[in-house]
2 protein chains.
Amino acid sequence: MNRNSILRPDTVRSRNTTAILDAAELEFAEYGFKGATIASIAKRSKLPPANIHYYFGSKELLYQTCVERIFDIWKVAAEALDEIDDPVVALSLYITRKLDISRERPSGSKIWANEIIQGAPTMHAFLAKDLYDWTDSRTALFRKWQSEGRLKPVNPNTILYMIWATTQHYADFYHQIRVLNDGKELDEAQWEEIKSDVCSIILAGVGAKSDFSAK
Amino acid sequence: MNRNSILRPDTVRSRNTTAILDAAELEFAEYGFKGATIASIAKRSKLPPANIHYYFGSKELLYQTCVERIFDIWKVAAEALDEIDDPVVALSLYITRKLDISRERPSGSKIWANEIIQGAPTMHAFLAKDLYDWTDSRTALFRKWQSEGRLKPVNPNTILYMIWATTQHYADFYHQIRVLNDGKELDEAQWEEIKSDVCSIILAGVGAKSDFSAK
DNA sequence: GGTTTAACTGATTAAGTAGTCAGAAAACAT
DNA sequence: ATGTTTTCTGACTACTTAATCAGTTAAACC
C-alpha cells in the first residue's frame with residue numbers, strides 16, 4: 001500500500017511507478033483528466049491495468065501524483081526571479097529557463113494548461129495559495145524596479161502573464177509551431193534564436209535596465 | 001444570447017441547433033473532444049440526447065460544426081493585418097481585436113488550445129494549408145517592415161507566436177488570472193489597461209515604428 | 001526448506017458512453 | 001377533418017470505462 005516511491009534504486013516498484021507516471025503524464029497532457037483512460041496509460045507503460053490501481057489506488061490519485069511531480073520541476077525555474085536584483089539578468093534567466101522546460105518537458109505545461117482551462121478542479125488550492133503568494137512577491141519586485149526607473153510603468157501582472165504565455169506556448173502549441181516550421185522539429189539553432197528573440201522582445205518591451213551605478 | 005444564428009428566424013430548429021452549439025462549445029472547451037459527453041451537452045442545452053444526434057448526426061460532426069463557427073470569428077481579427085501598412089497601427093489593431101475575442105468568446109480559444117495540445121487530429125488540414133499560407137504572407141509583411149527599419153530584426157514567427165500566446169492566454173488561462181485578481185472578474189478598466197499594456201510592450205519589444213515620411 | 005508477507009493480475013462488476021430506431025407528436029396540406 | 005410529411009424522443013443496444021477482488025506468484029525472512 002505504500003506509495004510515493006520516487007525513490008532510490010532499481011527496484012521493480014520504482015521502475016514500474018516511474019513507467020506509469022511517465023505514461024500518465026503523456027496521456028493526461030494529451031487528453032486531460034476526463035479524456036485519459038487507465039487502459040491507455042497501461043498500454044503506454046506496458047503493464048496490466050490492474051497494476052496501475054495497485055500502485056496508485058485510483059485515476060484521481062495517479063493524476064495528483066503526476067501534477068506534484070510537475071510542480072517540483074517548475075519551482076526550480078521560479079527561483080530565478082528570487083535572488084537577482086537586476087531586471088535584465090533576472091528576466092532573461094527566468095525566460096530562458098522556462099523555455100528550456102517547455103522544450104524538455106512539454107507534457108507538464110500541457111497538463112497545467114488543461115487544468116486551468118477546466119477551472120483548476122484539482123489545483124485550485126495551490127493556485128490560490130502558493131501561486132498567489134509567489135506572484136504577489138514577484139510583482140512587488142517589479143514595482144520596486146519600476147520605482148527605480150529600471151522597468152517601464154506597466155501592470156506587473158501583465159509582464160508575468162506575457163512571459164508565462166509565451167514560454168508555455170512553445171510547449172502547449174508545439175504541434176502548431178512544427179506545422180508552421182514546414183513540419184520539421186525545431187533544431188538547436190532555432191531554439192537558441194527563440195530564446196534570444198523572446199528575451200530581446202520582452203526586455204525591450206518592458207524597458208528593463210540594469211542598475212546604472214553598477215555599470 | 002443567440003449569436004451566429006446561421007439560420008433565419010426563430011424557428012424551433014434554429015433555436016435548438018444554436019442552443020446545442022452553444023452548449024457544445026462550452027463542453028468541448030472545458031473537456032476537449034474525448035472528455036466531452038453528449039449527455040452533458042444535452043443537459044447544458046436542456047434537450048434530450050437523441051435530439052443532438054438528430055440535428056448533428058454524430059459527436060464528431062457536432063465538434064466540426066463547432067470549430068467552423070469559431071474560425072469564422074477569428075478570420076475577422078486576422079484581417080487587421082491585411083490592409084494596413086503601418087506596423088504600429090496594424091499590430092495594435094490586431095492585438096486589440098484578439099484580446100476582445102478572448103474576452104467575449106473564450107471558449108473558442110480553449111477549443112483551439114485543446115485541439116493543438118492533442119496534435120490537431122481534426123484541424124490538421126486547416127493548419128497545414130490555410131494557417132500556413134496566412135502566416136507565410138504575414139511574416140513576409142514583417143520582413144518588409146524590417147527591411148524598411150520599421151521593425152526590429154527578430155524572427156517574424158516569434159512575433160506572431162508572442163501575440164497569439166499572450167492574447168489567447170487571457171481566454172485559456174482566465175481562471176488563473178481571476179484567482180490572481182483576488183478571485184474577482186476583470187472589470188472594464190482592467191481590460192482596457194491590459195490592451196494598452198500588451199500593445200505597449202509588444203510594440204516597444206519589436207521596435208515598431210510608423211513610416212517617418214508619413215509623419 | 002518452510003512459512004509469512006508483499007507484489008501482482010485475470011476475470012468480473014457496475015456505471016458510463018455514443019449511437020440507433022420505432023413510433024409518438026407536431027406541422028402542414030388538402 | 002383527414003391524410004401526409006417532418007420533427008422529435010424514450011427505450012434500447014453494443015461498447016468502453018474505472019474499480020474491485022479472489023487467487024496466484026514471487027520475494028523476504030527465519
Side-chain angles (χ1 to χ4, degrees), chain A residues 1-67 111 114 118 121-122, chain B residues 5-67 111 114 118 121-122:
Chain A
M1 280 296 172
N2 82 352
R3 57 185 35 108
N4 223 12
S5 345
I6 301 167
L7 33 84
R8 35 272 139 149
D10 194 39
T11 65
V12 173
R13 175 176 275 276
S14 77
R15 254 184 290 120
N16 285 355
T17 50
T18 304
I20 292 167
L21 279 172
D22 288 348
E25 196 170 304
L26 289 172
E27 177 78 6
F28 286 131
E30 202 166 328
Y31 299 113
F33 179 75
K34 268 192 79 174
T37 69
I38 298 285
S40 174
I41 294 167
K43 210 170 178 184
R44 282 186 203 249
S45 62
K46 287 165 188 162
L47 287 167
N51 199 308
I52 288 166
H53 280 95
Y54 172 69
Y55 283 123
F56 293 95
S58 75
K59 189 182 175 185
E60 181 73 41
L61 284 168
L62 172 59
Y63 181 70
Q64 276 169 25
T65 312
C66 236
V67 167
I111 288 177
N114 265 313
Q118 285 170 42
T122 302
Chain B
S5 298
I6 303 157
L7 309 169
R8 320 297 137 79
D10 195 39
T11 64
V12 174
R13 182 177 205 88
S14 78
R15 253 184 289 120
N16 285 357
T17 50
T18 304
I20 292 166
L21 279 172
D22 287 348
E25 196 169 305
L26 289 172
E27 178 78 6
F28 285 130
E30 201 166 329
Y31 299 113
F33 180 75
K34 266 191 82 173
T37 70
I38 299 284
S40 174
I41 293 167
K43 209 171 179 182
R44 282 186 203 249
S45 62
K46 286 165 188 161
L47 287 167
N51 200 309
I52 288 166
H53 280 95
Y54 171 70
Y55 283 122
F56 293 95
S58 74
K59 188 182 175 184
E60 180 73 40
L61 283 168
L62 172 59
Y63 180 70
Q64 277 168 26
T65 311
C66 238
V67 167
I111 289 176
N114 265 313
Q118 283 170 43
T122 302

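Letters A, B, ... are given to chains in the order of the sequence lines, protein chains preceding strands, and every chain is numbered from 1.
- Taking A/N16 as the reference, A/Y55 meet the side-chain hydrogen bond (donor to acceptor under 3.5 Å, both in side chains) condition, with sequence neighbours excluded.
- Residue A/R15 contributes atom CZ, which lies 13 Å from atom C1' of C/dA7 at whole-angstrom precision.
- Note: B/F28 CZ to B/E25 CD = 10.5 Å, rounded to the nearest 0.5 Å.
- Contact of the B/T17 side chain with the B/T65 side chain is not registered, since no non-hydrogen atoms from C-beta on lie closer than 4.5 Å.
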Close N/O contacts between protein and nucleotides 8-11 of chain D (under 3.5 Å):
from  : atom 1 : to    : atom 2 : distance (Å)
D/dC8 : OP1    : B/Y55 : OH     : 3.2
D/dC8 : OP2    : B/Y55 : OH     : 2.2
D/dT9 : OP2    : B/N51 : ND2    : 2.2

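- A/N114 CG to A/T122 OG1: the interatomic distance, rounded to the nearest 0.5 Å, is 11.0 Å.
- Separation of atoms OH (B/Y63) and CG (B/L21) is listed at 13.5 Å; rounding is to 0.5 Å.
- In this entry the distance linking NZ of B/K43 with C1' of C/dT17 reads 15 Å, nearest Å.
- At whole-Å resolution of the value, NZ in A/K46 and P in C/dC8 are 18 Å apart.
- A/S58 pairs by the side chain to side chain contact (heavy atoms under 4.5 Å, CB included) definition with A/E60, A/L61, not counting sequence neighbours.
- A search for side-chain hydrogen bond (donor to acceptor under 3.5 Å, both in side chains) contacts involving A/Y31 returns nothing, not counting sequence neighbours.
- If you take CD1 of A/I52 and C1' of D/dT20, they are 15 Å apart, rounded to a whole angstrom.
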Could you pull out every donor-acceptor pair under 3.5 Å between side chains of residues 33-49 of chain A and any protein atom, sequence neighbours left out?
from  : atom 1 : to    : atom 2 : distance (Å)
A/K34 : NZ     : B/G35 : O      : 3.1
A/T37 : OG1    : A/S40 : N      : 3.0
A/S40 : OG     : A/E27 : OE1    : 2.8
A/S40 : OG     : A/E27 : OE2    : 3.3
A/R44 : NE     : A/E27 : OE1    : 3.0
A/R44 : NH2    : A/E27 : OE1    : 3.0
A/R44 : NH2    : A/E30 : OE1    : 3.4
A/S45 : OG     : A/I41 : O      : 2.9
A/S45 : OG     : A/A42 : O      : 3.2

Collect all protein-nucleotide pairs involving nucleotides 16-19 of chain D in which both atoms are nitrogen or oxygen and the distance is under 3.5 Å.
from   : atom 1 : to    : atom 2 : distance (Å)
D/dA18 : OP1    : A/A36 : O      : 3.3
D/dA18 : OP1    : A/I38 : N      : 3.2
D/dA18 : OP1    : A/K59 : NZ     : 3.4
D/dA18 : OP2    : A/I38 : N      : 2.9
D/dA19 : OP2    : A/H53 : NE2    : 3.1
D/dA19 : OP2    : A/K59 : N      : 2.7

